[in-house]
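For reference, the structure discussed in these notes is given below.
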Amino acid sequence: MNSGRNSRMVGFGSFAPDQAVDNLELCNRVDTSDEWIQTRTGIKSRRIASDHQPTSELALRAAQRAIESSGLKLGEIDLVIVATITPDMAFPSTACILQHKLGLGKVACFDIEAACSGFLYALDVADAMISSGRYRNALVVGAEKMSSIMDWQDRSTCVLFGDGAGAAVLSKDGEGPELLGFFCGADGSNPSLLCQPGGGSLNPATVDTVEERKHFLKMNGREIFKSAVRVMESASRELLGRHGLNVEDVSHVIPHQANVRIVESLSQRLEIPLMKFFCNLEKFGNTSAASIPLAFDEGLRKGHFKAGEIGLLVAFGAGLTWSSTLVRF
Ligand code: UT7
């Protein structure tokens with residue numbers, strides 16, 4: 001193994017379910033408008049998985065594409081990490097379910113739960129495990145079926161989210177975007193800002209919790225908005241600083257795809273021009289842990305990133321959590 005080398009994303013893939021639901025369709029479900037959703041969020045449409053597509057199925061399709069593009073054999077993958085807040089079941093992990101669906105060997109599998117920052121957290125963990133020398137080739141997936149925890153009577157949340165998955169194969173051998181550095185942080189002081197209160201050990205599922213709609217996502221949008229801009233700016237500056245880089249060195253920012261106004265505010269605060277931000281949230285909405293790999297994969301496939309350029313991936317999510325990753329294409 002090339003122990004002196006940084007890990008690289010030697011394979012990448014993504015998947016979004018076929019069913020696209022545009023804003024006008026949502027107007028049939030809740031009191032909203034295409035104009036409100038577009039001006040407040042930038043979202044035009046989102047993909048919604050079918051009843052037969054749990055999160056592991058979305059993860060499977062993205063993972064197959066990533067492994068195929070890596071050129072590795074299934075038997076060479078020795079670690080699977082899935083970042084999700086919408087696992088198939090509370091346990092076992094979706095990573096274990098994915099391992100079997102892919103036909104992998106009996107390799108280490110676990111989930112990471114860091115909400116929308118989950119994919120970047122998982123990259124950090126996988127890189128550390130590979131750098132330890134104990135694992136060679138890691139499959140890292142961000143996959144969500146957000147529609148499964150949406151309250152379709154709550155217009156303040158149901159218009160925002162969508163389903164999808166993205167996956168990377170990490171290895172020190174082979175070619176692909178090089179992972180230069182990582183930064184993760186969290187503030188657990190106010191979990192109710194964004195949470196799914198029912199179904200855990202605090203509020204186990206009962207007829208009452210279901211009637212009280214506690215199994216759906218709840219969010220204080222305004223507070224999350226303000227925190228998002230603040231923590232994404234600081235996570236970006238912290239990581240750049242640690243690597244002796246300036247904002248001018250960044251050619252591309254691939255931010256968590258939650259709201260175009262959050263991206264615009266981040267662009268202003270970082271003084272990185274908006275044209276350097278890669279966004280596809282108008283098509284997919286907020287897909288939580290899948291949002292960055294869905295955007296990254298689209299940028300890669302479109303040839304948007306040129307060899308040698310520096311990319312900054314930055315996310316925030318429930319927890320609150322935040323994370324940033326630097327790559328060299
Ligand atoms: O991955 C992390 C997940 N979370 C986020 O990224 C969310 C961050 N927050 C946001 O993106 C924004 O706060 C929202 C898009 C959620 C909301 O935008 P806002 O500009 O902060 O709106 P608001 O919550 O201040 O609501 C403004 C008005 C309210 O009406 P009143 O009280 O002013 O009469 C809402 O009831 O907009 C109303 N409203 C809607 N109207 C039409 C809220 N949702 C809708 C809707 N359609 N879907």
Side-chain angles (χ1 to χ4, degrees), residues 21-46 83-86 112-121 142-164 166 184-188 190-197 216-233 235 254-267 269 277 279-282 284-295 313-324:
V21 174
D22 66 16
N23 294 344
L24 284 176
E25 278 184 75
L26 289 183
C27 299
N28 299 325
R29 294 196 187 202
V30 284
D31 179 16
T32 188
S33 67
D34 178 43
E35 197 260 335
W36 191 96
I37 302 170
Q38 280 204 47
T39 53
R40 297 291 179 122
T41 72
I43 298 166
K44 294 181 181 168
S45 183
R46 71 285 294 141
T84 187
I85 53 167
T86 50
I112 279 187
E113 208 261 58
C116 307
S117 313
F119 185 74
L120 300 190
Y121 263 68
E144 302 282 13
K145 186 173 179 175
M146 295 302 289
S147 60
S148 68
I149 57 167
M150 275 308 99
D151 184 343
W152 295 105
Q153 295 178 12
D154 177 8
R155 68 175 183 174
S156 71
T157 54
C158 75
V159 301
L160 303 175
F161 294 89
D163 302 335
C184 292
D187 174 2
N190 198 353
S192 61
L193 281 178
L194 178 49
C195 65
Q196 182 190 1
F216 296 123
L217 176 149
K218 313 280 180 203
M219 179 171 70
N220 179 333
R222 272 184 216 186
E223 287 307 312
I224 291 286
F225 190 112
K226 283 188 266 175
S227 303
V229 177
R230 190 169 35 81
V231 301
M232 287 211 288
E233 181 194 2
I254 300 97
H256 171 47
Q257 311 280 312
N259 185 323
V260 75
R261 291 187 295 132
I262 294 177
V263 176
E264 286 163 359
S265 300
L266 183 65
S267 159
R269 288 173 76 134
F277 284 69
C279 288
N280 62 5
L281 71 96
E282 72 280 2
F284 298 115
N286 181 347
T287 57
S288 183
S291 94
I292 286 186
L294 262 175
L313 286 55
V314 60
F316 71 96
L320 296 175
T321 58
W322 51 87
S323 191
S324 49

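Atoms within each ligand, like the ligands themselves, are counted from 1 in listed order.
Ligand-side atoms of ligand 1 in range of Thr41: 15 (C), range being under 4.0 angstrom from any heavy atom. Close approach of ligand 1 to Cys116 is summarised as follows: ligand atoms under 4.0 Å from at least one heavy atom of the residue are 1 (O), 2 (C). Atoms of ligand 1 lying under 4.0 Å from any heavy atom of Ala258, numbered from 1 in the order shown and given with element: 6 (O). Close approach of ligand 1 to Phe316 is summarised as follows: ligand atoms under 4.0 Å from at least one heavy atom of the residue are 2 (C), 6 (O). Under a 4.0 Å criterion applied to the non-hydrogen atoms of Met219, ligand 1 contributes the atoms 3 (C), 4 (N), 5 (C), 7 (C). Applying the 4.0 Å criterion to heavy atoms of Arg40 picks out, from ligand 1, the atoms 19 (P), 20 (O), 22 (O), 27 (C).
When only non-hydrogen protein atoms are considered, atom 24 (O) of ligand 1 lies nearest to Arg222 NE, 3.9 Å. In terms of protein heavy-atom proximity, atom 14 (C) of ligand 1 is closest to Asn259 ND2, 4.5 Å. Of the protein's non-hydrogen atoms, Trp36 CH2, 4.0 Å is the one closest to atom 17 (C) of ligand 1. When hydrogens are left out, the protein atom nearest atom 47 (N) of ligand 1 is Thr32 OG1, 2.7 Å; that is the closest non-hydrogen contact. Residue, atom and distance of the protein heavy atom nearest to atom 18 (O) of ligand 1 are Arg261 NH2, 3.4 Å. Shortest contact from atom 48 (N) of ligand 1 to any protein heavy atom: Arg155 O, 2.9 Å. Nearest protein heavy-atom contact of atom 16 (C) of ligand 1 is Leu160 CD1, 3.8 Å.
Residue pairs meeting the salt bridge (charged side-chain N to carboxylate O under 4.0 Å, His left out) criterion with at least one member in residues 23-42, sequence neighbours excluded: Asp31-Arg155.
Of the protein's heavy atoms, at least one falls inside 4.0 Å of atom 9 (N) of ligand 1. Counting only heavy atoms, the protein never gets under 4.0 Å from atom 31 (P) of ligand 1. Inside a 4.0 Å radius of atom 34 (O) of ligand 1 there is not any protein heavy atom.
Within the structure, the closest approach of Val159 to ligand 1 falls below 4.0 Å when heavy atoms are considered. Every heavy atom of Ala228 sits 4.0 Å or more from the atoms of ligand 1.
The shortest side-chain heavy-atom distance between Phe216 and Asp154 does not fall under the 4.5 Å cut-off. You'll find the side chain of Glu282 stays beyond 4.5 Å of the side chain of Val260, heavy atoms only. The shortest distance between side-chain heavy atoms of Leu120 and Trp322 does not fall below 4.5 Å.
Residue contacts with ligand 1 for Asn286 involve side-chain atoms from C-beta outward but no N, CA, C or O (heavy atoms, distance under 4.0 Å).
Panel note: side chain Ser265, backbone Arg261; a donor-acceptor pair is recorded below 3.5 Å. Side chain of Glu223 to backbone of Gly221: no donor-acceptor contact under 3.5 angstrom is found. Listed for the Ser323 side chain is no donor-acceptor partner under 3.5 Å among the backbone atoms of Ala315.
Of all heavy-atom pairs spanning Ile43 and Asn286, the tightest one is CD1-N, 4.4 Å.
For ligand 1, the polar-atom distance check against His256 finds a nitrogen or oxygen pair separated by under 3.5 Å.
Counted within 6.0 Å of NZ on Lys218, heavy atoms from surrounding residues, nucleotides or ligands total more than 12; the atom is thus considered enclosed.
Residues forming a side-chain contact (heavy atoms from CB on, under 4.5 Å) with Ala289 (at least two apart in sequence, or on another chain): Ala83, Glu144.
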